[in-house]
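Hydrogens, waters and symmetry mates are skipped; everything else that's a heavy atom, side chains included, is used.
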Amino acid sequence: MFPDAHCELDFTSPFELLIATVLSAQTTDVRVNSVTPALFAAYPSAADLASADPAHVEELIQPTGFFRAKTKSIIGLSQALAERFGGEVPGKLDDLVTLPGVGRKTANVVLGNAFDVPGLTIDTHFNRLSRRWGWTQSTDPDQIETDVAALFPKKEWTILSHRVIWHGRRYCHARRPACGVCPLAQLCPSFGEGPTDPTAAAKLVRDGPRS
DNA sequence: ATCCCGAGGG
DNA sequence: CCCTCTGGAT
């Protein structure tokens with residue numbers, strides 16, 4: 001059902017994951033993974049990227065789109081790491097979101113996948129699916145996070161995020177959701193005369209991989 | 001045309 | 001709250 005849902009960005013350290021996640025905005029993970037090896041080879045640490053030539057960084061990450069804004073973010077974020085966090089990526093949400101270019105979504109990805117700190121990643125997919133499944137009525141990411149947090153044990157938050165996002169990417173699309181082939185259709189409050197009980201879909205999501 | 005695991009600025 | 005930033009695949 002959720003085969004091996006996991007973070008699909010390549011990284012070998014919290015720093016690399018942070019950079020990769022910032023680069024992943026509005027791009028596929030495959031594309032991010034195609035530029036990060038050269039980027040990390042040229043700039044292995046926050047100190048290196050902090051003093052990088054923006055033109056060179058722009059060139060390296062160009063295929064990921066938004067390359068000027070992203071270059072500004074990752075150099076600025078590296079400078080902030082060097083100046084305020086001893087060159088290390090902080091493992092706390094409140095610290096991470098003070099970094100330029102790092103919002104709550106990016107911070108939770110880093111916490112969940114590099115620090116083993118449970119975090120709900122309320123991205124565009126999670127935002128959409130959690131309403132379709134009746135987990136929340138809200139469109140506000142912070143409110144959604146609060147509502148969903150009440151439905152699942154904390155230790156499941158990271159894997160839950162991967163599964164919801166995985167499902168959103170493959171079946172529950174924004175425009176034309178593939179309900180006809182969706183394995184969760186019968187448990188979905190938004191499909192036909194489906195259940196109105198939000199825990200129906202929740203239970204199935206919690207079952208995890210079975211294929 | 002539409003989509004891709006967003007964030008900052010006005 | 002809306003706008004902008006951006007390229008590549010489908």
Measure the shortest side-chain to side-chain distance between F15(A) and Y43(A) over non-hydrogen atoms and say whether it is less than 4.5 angstrom.
no
I need the CG-P distance between L23(A) and dT6(C), as an integer number of Å.
13 Å
Is a donor on one side and an acceptor on the other found under 3.5 Å between the side chain of E16(A) and the backbone of T12(A)?
yes
K72(A) NZ - dC5(C) P separation (whole Å):
11 Å
Expressed as a whole number of Å, how far does the P atom of dT6(C) sit from that of dT2(B)?
23 Å
Taking atom P in both dG8(C) and dA7(B), what distance in whole Å separates the two?
22 Å
Just how far, in rounded Å, is P of dA7(B) from CG of L18(A)?
11 Å
Please state how far atom CD in Q26(A) lies from atom P in dC5(C), giving the value in whole angstrom units.
14 Å
Starting from the 5' end of DNA chain B, give me the residue, T106(A) or R176(A), whose nearest nucleotide shows up first.
R176(A)
Mind listing the N/O atom pairs, protein and nucleotides 8-10 of chain B, below 3.5 Å?
| from | atom 1 | to | atom 2 | distance (Å) |
| --- | --- | --- | --- | --- |
| dG8(B) | OP1 | G101(A) | N | 2.7 |

Are the side chain of R68(A) and the backbone N or O of E58(A) linked by a donor-acceptor pair below 3.5 Å?
no
Determine whether the side chains of D48(A) and S45(A) contain a donor N or O and an acceptor N or O closer than 3.5 Å.
yes
Ignoring hydrogens and angles, state whether a donor on the side chain of K70(A) or S24(A) is under 3.5 Å from an acceptor on the partner side chain.
no
Select base, sugar-phosphate, or nothing to describe what T27(A) touches, counting heavy atoms under 4.0 Å on all strands.
base
Sugar-phosphate only, base, or nothing, as touched by R68(A) at under 4.0 Å among non-hydrogen atoms
sugar-phosphate
Examine L17(A) and V97(A) and state if one hydrophobic cluster contains both, with Ile, Leu, Val, Met, Phe, Trp and Tyr joined whenever side-chain heavy atoms are less than 4.5 Å apart.
yes
Protein-nucleotides 8-10 of chain C N/O pairs under 3.5 Å:
| from | atom 1 | to | atom 2 | distance (Å) |
| --- | --- | --- | --- | --- |
| dG8(C) | O3' | R31(A) | NH2 | 2.7 |

Quantified in whole Å, what is the C1' atom distance between nucleotide dC5(C) and nucleotide dC4(B)?
15 Å
Between the main-chain N or O of L39(A) and the side-chain N or O of T36(A), is there a donor-acceptor pair closer than 3.5 Å?
no
Taking atom types as modelled, is there a side-chain donor on H125(A) or R128(A) under 3.5 Å from an acceptor on the other?
yes
May I have the distance from E58(A) (atom CD) to dG7(C) (atom P), rounded to whole angstrom?
11 Å
What is the distance, to the nearest angstrom, from the CZ atom on R128(A) to the P atom on dC5(B)?
10 Å
Please give, in whole Å, the distance from dG6(B) P to L96(A) CG?
17 Å
Rounded interatomic separation in angstrom, taking CG from N127(A) and C1' from dC5(B)
12 Å
Flag the pair R84(A) and D95(A) as a salt bridge only when some basic side-chain nitrogen lies within less than 4.0 angstrom of an acidic carboxylate oxygen.
no
